[in-house]
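Below is one structure, written out as structure tokens, with a few remarks after it.
Throughout, a chain's letter reflects where its sequence line sits, starting with A, and its residues are numbered from 1.
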Amino acid sequence: MQYSPHEIEKKWQERWEKEARYQAEDFSKKPKQYILVEFPYPSGEGLHVGHVRGYTAMDIVARKRRMEGFNVLFPIGWDAFGLPAENYAIKKGIHPSKTVEKNIANYKRQIKSLGLSFDWSREINTTDPRYYKWTQWIFLQLFKHGLAYQAEIPINWCPSCKIGLAYEEVIDGKCERCGTPVIRKEKKQWMLRITRYADRLIEDLEKVDFIEQVKTQQIEWIGRSYGTEIDFQVEGSDKIIKVFTTRPDTLFGVSAVVVAPEYPLVKELVTPDHLEEANRYIEKSKQKTEFERTKLEKEKTGVFTGSFCINPANGEKVPIWIGDYVIATYGGGAVMVVPAHDKRDYEFAKKYGLKIKEVVKGGDISKEAFVGYGILVNSGQFSGLSSQEAIEKITQWLIEEKKGRKAVHYKLRDWIFSRQHYWGEPIPIIHCEKCGAVPVPEEDLPVELPYVEKYQPTGTGESPLAAVKEWVNVKCPKCGAPAKRETDTMPNWAGSNWYFMRYCDPNNSQELADFKKLKYWLPVDWYDGGPEHITLHLLYSRFIYKFLYDIGVAPTPEPYQRRTIHGIVLAQDGRKMSKSLGNVVNPNEIIEKYGADTLRVYEMFMGPFDQAIAWNPESVNGVFKFLRKVWNLIIECKNNQKTSPDVLKKIHQLNKKVSDDIEQAKFNTAIAAFMEFVNFAQLHKKEIGKEAIERFLLLLAPFAPHLAEELWERIGHKKSIFEERWPQYNKDLIKEERITLVIQINGKVRDKIEVNRDISQEEAKKLALKQKKVQNWIDGKEIKKIIFIPGKLINFVI
RNA sequence: GCCCUCGUGGCGGAAUUGGUAUACGCGCAACGCUUAGGACGUUGUUCCUCUUAUGAGGAUUGGAGGUUCGAAUCCUCCCGAGGGCACCA
């Protein structure tokens with residue numbers, strides 16, 4: 001009987017589905033485990049081998065947890081709003097809902113062919129009105145609590161996609177999706193006040209078990225910095241320019257104040273004789289793309305306003321400039337220029353002939369700016385202090401003089417939540433001339449996306465929905481006057497922010513999810529996903545979840561207890577897989593050739609789980625050979641005999657190794673251990689009995705479920721292997737009685753001897769010194785010191 | 001520029017976290033099986049030197065230093081790769 005994966009995989013997949021084996025049970029008495037993978041965007045290309053990596057890993061965990069006696073929730077769904085379906089519709093004239101339906105069917109078939117133990121009874125789809133009703137409901141709660149608001153702001157505008165982009169969707173000044181340089185455009189946008197949660201989003205990271213890289217990136221993205229806000233009074237006016245700095249110790253070295261071109265006071269600051277030049281400068285910087293403006297190598301430019309302000313520390317008159325290297329949205333849009341101690345300011349001062357005054361000792365300011373800490377000079381009463389002391393003292397003094405205060409600033413900005421696109425959740429707001437922005441009454445949700453013929457963005461900045469008159473024109477829910485629906489839709493993230501909550505109660509039509517169910521299942525115990533989602537998706541969904549916690553909808557302060565990332569699967573050439581490069585590996589092909597178990601085991605074996613790794617077809621074949629070896633071995637072995645003590649020890653060691661490695665997501669070494677055992681077993685076939693065979697299959701079951709089920713049945717079991725308990729290893733059995741003691745001389749390995757594991761130092765020394773090799777090396781020299789590590793080694797220092 | 005991760009045979013990678021470097025797999029080679037090829041099985045496989053062979057010695061974890069009885073692992077500097085942030089005041 002040969003190993004024929006296709007027959008057995010089909011057989012077991014059908015049986016699992018018929019028996020609905022993997023459905024989670026609400027409120028079961030068993031302890032719960034919520035294992036989560038990022039739900040896929042069902043693209044036209046179909047499932048990627050990268051999906052398979054994360055899904056298989058979590059499937060292994062889910063299957064192990066069930067065998068350990070947990071009530072496991074391991075769900076799947078579809079994140080199906082978004083641009084590709086809309087772009088496809090524009091090109092081919094096929095409605096996005098049709099495309100999405102087709103793609104989902106394809107994904108579903110592919111996922112099922114992998115033998116993943118998802119609970120299909122909880123499948124969700126973000127484009128289903130029964131789902132996005134609650135996405136809209138969340139928006140209304142945000143609105144009612146003042147966390148969703150409209151603002152006329154300069155947004156990043158992609159002239160190709162004809163869409164406003166979130167700050168986060170601009171990469172290197174270019175549109176994340178199409179790569180077109182982004183320009184700035186003033187537009188009224190819906191915003192979410194994520195900044196209000198900035199501190200909690202940092203501090204609560206202590207409560208969770210995310211890998212370090214994820215935590216660091218969240219913290220850096222939020223970018224909290226503590227500093228001092230200093231008031232510079234405009235000369236001859238009562239206006240004040242508030243400047244944020246982390247280096248108040250350099251206050252005496254200020255030679256100018258520079259404000260961003262968008263700074264609110266700009267018009268008042270520019271004097272008539274500088275008006276023309278200043279206007280020209282402001283116009284020019286407006287036209288620059290974000291890419292041009294943020295290019296670091298670019299020369300710092302600016303223009304004098306004609307006005308001055310007063311340095312509060314020494315009363316000096318300081319010129320006010322406009323410069324587009326100052327970021328309008330950070331730190332109030334104004335900075336103090338200290339050329340001697342800041343690289344950018346130094347450059348700026350050199351170009352425009354500003355004074356360069358040293359106030360911190362330690363560098364040579366005739367050559368370059370000195371940005372380090374040092375002792376203060378030329379700083380009045382503060383001279384002689386260290387920078388660290390001066391930061392404290394000067395801030396203190398400013399507070400007393402009422403000319404400054406401590407301040408905290410964040411790089412994180414409020415989240416632009418509007419998209420001028422068709423294929424997204426409509427924002428449930430009605431604009432009334434009299435009442436303003438009025439929320440759609442909750443009982444009228446969902447605001448269904450109307451069917452349209454034309455998907456093209458209008459280019460005017462309005463979404464295609466604006467053209468659907470019968471949908472747009474409604475009565476104001478408050479006063480009944482004619483009013484218009486909001487035509488912007490929500491970004492892709494809106495649906496994926498909270499999807500893991502819906503899995504807990506996917507069919508609830510009364511609320512987002514029953515609180516008792518949420519309380520039973522949440523938080524997610526283990527969440528795995530791609531590295532591309534560890535800043536934005538994670539930050540956004542934590543924010544929304546925290547808000548829902550605050551209003552009593554979510555049961556815990558954090559949604560995810562543990563978060564891991566799986567490395568990308570690269571093409572054989574080490575590059576990213578992409579259609580245009582023609583180097584894409586299709587999981588279907590691998591399954592057709594070798595079966596799903598081989599694909600699963602290969603993807604777990606190919607390298608460390610969190611690292612990017614290149615596909616290697618020859619290794620796939622190696623894994624197939626391994627599984628076939630397993631098959632042949634088990635078929636050949638006698639199931640009715642006793643297992644020898646040697647084999648027993650090995651299988652218990654394997655038991656420990658595999659159990660531990662799965663918990664640490666070290667799947668590659670777990671599989672190496674399986675291979676080692678099989679190699680050993682090949683040589684000891686006669687010693688293998690029932691216990692070894694059964695234990696081996698139980699351990700292998702989460703990795704290669706079809707193979708394990710089939711062999712389990714063939715050795716005479718009636719019930720599924722997944723109804724069995726995960727095996728516990730015997731601590732006494734895995735201990736090695738005899739160990740190899742390494743003998744070192746001056747730290748170099750010179751010999752090895754077999755000894756009892758609990759040998760004493762005296763005994764070890766005696767035995768070691770008897771060895772010929774050791775005697776040759778010591779050869780009458782004096783032994784100065786002996787280092788003995790019990791059970792490991794003895795080291796003679798001569 | 002800053003931050004993070006990493007650098008180990010021909011290749012993917014192990015190394016219980018300071019204690020036998022190169023587990024496991026791929027590839028390659030020899031032998032067995034076979035009409036042959038494939039497949040399968042067994043064995044070998046870091047490099048260098050000496051040795052008919054058994055074996056013996058030396059070197060080796062990107063490079064150079066350091067700490068230590070002992071370093072792939074810790075520290076300093078340098079080189080290289082990948083990722084993140086990027087005029088954040």
Side-chain angles (χ1 to χ4, degrees), chain A residues 171-173 211-217 219-221 223-225 227-228 243-247 250 258 293-298 300 323-327 329-338 341-345 347-348 371 409-413 531-532 534-535 567-568 570 574 602 605-608 610-623 625-626 628-629 632 656-657 660 666 668-679 682-683 739-752 773 776 784-789 791-798:
Chain A
I171 309 291
D172 276 337
I211 61 169
E212 218 35 54
Q213 188 193 348
V214 175
K215 286 190 184 181
T216 332
Q217 278 193 34
I219 290 168
E220 276 187 18
W221 188 266
R224 180 165 63 185
S225 88
T228 308
V243 159
F244 177 70
T245 180
T246 53
R247 294 295 303 273
T250 62
V258 183
R293 256 185 89 162
T294 55
K295 239 187 173 168
L296 197 64
E297 316 86 66
K298 186 201 67 170
K300 317 271 172 279
D324 67 3
Y325 74 96
V326 177
I327 298 168
T329 48
Y330 183 81
V335 300
M336 60 188 210
V337 176
V338 186
H341 304 291
D342 182 284
K343 274 186 191 160
R344 292 154 301 177
D345 296 349
E347 227 181 285
F348 192 74
V371 298
H409 281 266
Y410 303 88
K411 288 187 206 172
L412 183 72
R413 300 169 201 190
E532 67 275 23
I534 59 176
T535 26
I568 319 164
L570 300 167
Y602 169 65
F605 182 60
M606 65 195 302
D610 56 357
Q611 257 172 54
I613 229 120
W615 190 266
N616 181 347
E618 276 163 348
S619 285
V620 181
N621 192 48
V623 167
K625 272 159 52 177
F626 162 68
R628 189 172 50 196
K629 218 190 246 181
N632 292 336
K656 174 172 167 40
K657 177 80 178 149
D660 293 351
K666 289 166 76 173
N668 54 333
T669 49
I671 291 162
F674 278 120
M675 290 171 166
E676 253 173 290
F677 178 81
V678 170
N679 289 343
Q682 290 278 7
L683 304 175
I739 54 118
T740 310
L741 187 80
V742 171
I743 305 169
Q744 294 185 338
I745 294 174
N746 287 344
K748 283 210 154 93
V749 180
R750 292 306 178 189
D751 208 350
K752 298 164 190 180
K773 274 193 199 168
N776 284 345
K784 282 192 196 151
K785 202 172 161 188
I786 295 175
I787 287 132
F788 178 69
I789 311 290
K792 283 246 163 79
L793 62 79
I794 185 160
N795 184 12
F796 297 99
V797 185
I798 57 171

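- One can place CD1 of A:Ile743 at 19 Å from P of B:rG70, the figure rounded to the nearest angstrom.
- Qualifying side chain to side chain contact (heavy atoms under 4.5 Å, CB included) partners for A:Thr329, counting only residues two or more places apart in sequence or in other chains: A:Ile327, A:Arg413.
- B:rC74 sits 11 Å from B:rG19 when the P atoms are compared, rounded to a whole Å.
- B:rG9 and B:rA23: their P atoms are spaced 13 Å apart (whole Å).
- Base pairing analysis places B:rC74 opposite B:rG66; the two distances defining the Watson-Crick or G-U wobble pair are each below 3.5 Å.
- Between B:rU67 and B:rC28, the two P atoms lie 47 Å apart (nearest whole Å).
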With the criterion being N/O to N/O and under 3.5 Å, what pairs connect the protein with nucleotides 38-47 of chain B, and how long is each?
{"unit_1": "B:rA39", "atom_1": "O3'", "unit_2": "A:Arg628", "atom_2": "NH2", "d": "3.2"}
{"unit_1": "B:rC40", "atom_1": "OP1", "unit_2": "A:Arg628", "atom_2": "NH2", "d": "2.3"}

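- Listed for the A:Tyr602 side chain is no donor-acceptor partner under 3.5 Å among the backbone atoms of A:Gly622.
- Nucleotide B:rG41 has B:rC31 as its partner under the Watson-Crick or G-U criteria, with both atom distances under 3.5 Å.
- When both pairing distances are held under 3.5 Å, B:rU54 makes no Watson-Crick or G-U pair with any nucleotide shown.
- Nearer to the 5' terminus of RNA chain B, by closest-nucleotide assignment, is the contact made by A:Gly622 (compared with the other of A:Gly622 and A:Arg344).
- Comparing the P positions of B:rG1 and B:rG13 gives a spacing of 29 Å, expressed to the nearest Å.
- B:rG84 adopts an anti glycosidic conformation, its chi angle falling more than 90° from 0.
- Counting only heavy atoms from C-beta outward, the side chains of A:Asp610 and A:Pro531 never approach each other to under 4.5 Å.
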Polar pairs (N or O, both sides) under 3.5 Å between protein and nucleotides 55-62 of chain B?
{"unit_1": "B:rA56", "atom_1": "OP1", "unit_2": "A:Lys773", "atom_2": "NZ", "d": "3.4"}
{"unit_1": "B:rG58", "atom_1": "OP1", "unit_2": "A:Arg750", "atom_2": "NH1", "d": "3.4"}
{"unit_1": "B:rG58", "atom_1": "OP1", "unit_2": "A:Arg750", "atom_2": "NH2", "d": "3.4"}
{"unit_1": "B:rG58", "atom_1": "OP2", "unit_2": "A:Arg750", "atom_2": "NH1", "d": "2.9"}

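- Ring pair A:Tyr325/A:Phe348 is tilted by interplanar angle, where 30° to 60° counts as tilted.
- The ring pair (Phe, Tyr, Trp, His ring centres under 6.0 Å) test applied to A:Phe605 returns no partner, not counting sequence neighbours.
- Rounded to the nearest Å, the gap between the C1' atom of B:rU73 and that of B:rG62 is 16 Å.
- Side-chain atoms of A:Gln213 lie closest to B:rC4 of the nucleotides B:rA89, B:rG84, B:rC4.
- When both pairing distances are held under 3.5 Å, B:rA36 makes no Watson-Crick or G-U pair with any nucleotide shown.
- Mapped onto RNA chain B by nearest heavy atom, A:Met675 and A:Asp345 fall at different nucleotides, with A:Met675 at the one closer to the 5' end.
- Taking the side chain as every heavy atom from C-beta outward, A:Arg247 and A:Val338 never approach each other to under 4.5 Å.
- The side chain to side chain contact (heavy atoms under 4.5 Å, CB included) search around A:Asn795 returns A:Gln744, A:Ile787, A:Leu793, not counting sequence neighbours.
- Considering only side-chain atoms of A:Thr246, the nucleotide from B:rC26, B:rA89, B:rC85 that sits closest is B:rA89.
- Remark: the separation of the P atoms in B:rG63 and B:rG57 is 25 Å, to the nearest Å.
- With rounding to whole Å, A:Ile794 atom CD1 is found 17 Å from B:rC69 atom P.
- Under 4.0 angstrom from either OP1 or OP2 of B:rA89 there lies at least one side-chain N or O belonging to A:Ser225.
- Nucleotide B:rG80: paired with B:rC6 (Watson-Crick or G-U wobble, both distances less than 3.5 Å).
- Nucleotides B:rU17 and B:rG10 place their P atoms 30 Å apart, quoted to the nearest Å.
- Within the 4.0 angstrom heavy-atom criterion, no nucleotide atom of any strand lies near A:Phe674.
- One distance of note links NZ of A:Lys629 with CD of A:Gln682; it measures 5.5 Å at 0.5 Å rounding.
- If you take NZ of A:Lys784 and C1' of B:rG70, they are 15 Å apart, rounded to a whole angstrom.
- A glycosidic torsion no more than 90° from 0 defines the syn conformation; B:rU20 lies beyond that range and is anti.
- Contacts of A:Lys657 classified as salt bridge (charged side-chain N to carboxylate O under 4.0 Å, His left out), with partners at least two apart in sequence or in another chain: A:Asp661.
- Take A:Phe796 and apply the ring pair (Phe, Tyr, Trp, His ring centres under 6.0 Å) test, not counting sequence neighbours, and it matches no residue.
- Regarding A:Ile327, its CD1 atom lies at a distance of 5 Å from the P atom of B:rC87, rounded to whole Å.
- Straight-line distance from the CH2 atom of A:Trp615 to the P atom of B:rG25: 19 Å, rounded to whole Å.
- A:Gln213 meets the side chain to side chain contact (heavy atoms under 4.5 Å, CB included) test with A:Ile211, A:Gln217, A:Ile534, A:Ile565; sequence neighbours excluded.
- The nearest whole Å value for the distance from the CZ atom in A:Phe677 to the P atom in B:rG25 is 14 Å.
- You'll find the side chain of A:Thr250 reaches within 4.5 Å of the side chain of A:Met336, heavy atoms only.
- Taking 4.0 angstrom as the limit, A:Tyr410 places none of its side-chain polar atoms (N or O) nearer than this to OP1 or OP2 of B:rC88.
- A:Phe626 has its CZ atom 22 Å from the P atom of B:rG12, to the nearest Å.
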Dump every N/O contact between nucleotides 13-21 of chain B and the protein below 3.5 Å, one line per pair.
{"unit_1": "B:rA14", "atom_1": "OP1", "unit_2": "A:Asn668", "atom_2": "ND2", "d": "3.0"}
{"unit_1": "B:rA15", "atom_1": "OP1", "unit_2": "A:Lys666", "atom_2": "NZ", "d": "3.2"}
{"unit_1": "B:rG19", "atom_1": "N2", "unit_2": "A:Gln744", "atom_2": "OE1", "d": "3.1"}
{"unit_1": "B:rU20", "atom_1": "O2", "unit_2": "A:Lys752", "atom_2": "NZ", "d": "2.8"}

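- Using P as the reference atom, B:rU8 and B:rA81 are 14 Å apart when rounded to the nearest Å.
- A:Ile671 places its CD1 atom 13 Å from the P atom of B:rC26, with the value rounded to the nearest Å.
- Taking A:Phe244 as the reference, A:His409 meet the ring pair (Phe, Tyr, Trp, His ring centres under 6.0 Å) condition, with sequence neighbours excluded.
- Qualifying salt bridge (charged side-chain N to carboxylate O under 4.0 Å, His left out) partners for A:Arg750, counting only residues two or more places apart in sequence or in other chains: none.
- B:rA21 is unpaired under the criterion used here, namely a Watson-Crick or G-U wobble arrangement in which both key atom distances are under 3.5 Å.
- As the counterpart of B:rG1, B:rC85 is assigned, both hydrogen-bonding distances of the Watson-Crick or G-U wobble pattern falling under 3.5 Å.
- At B:rC69, one or more side-chain N or O atoms of A:Lys785 fall inside 4.0 Å of OP1 or OP2 (strictly under the cut-off).
- Remark: A:Lys656 pairs with A:Asp660 by the salt bridge (charged side-chain N to carboxylate O under 4.0 Å, His left out) rule, at least two apart or across chains.
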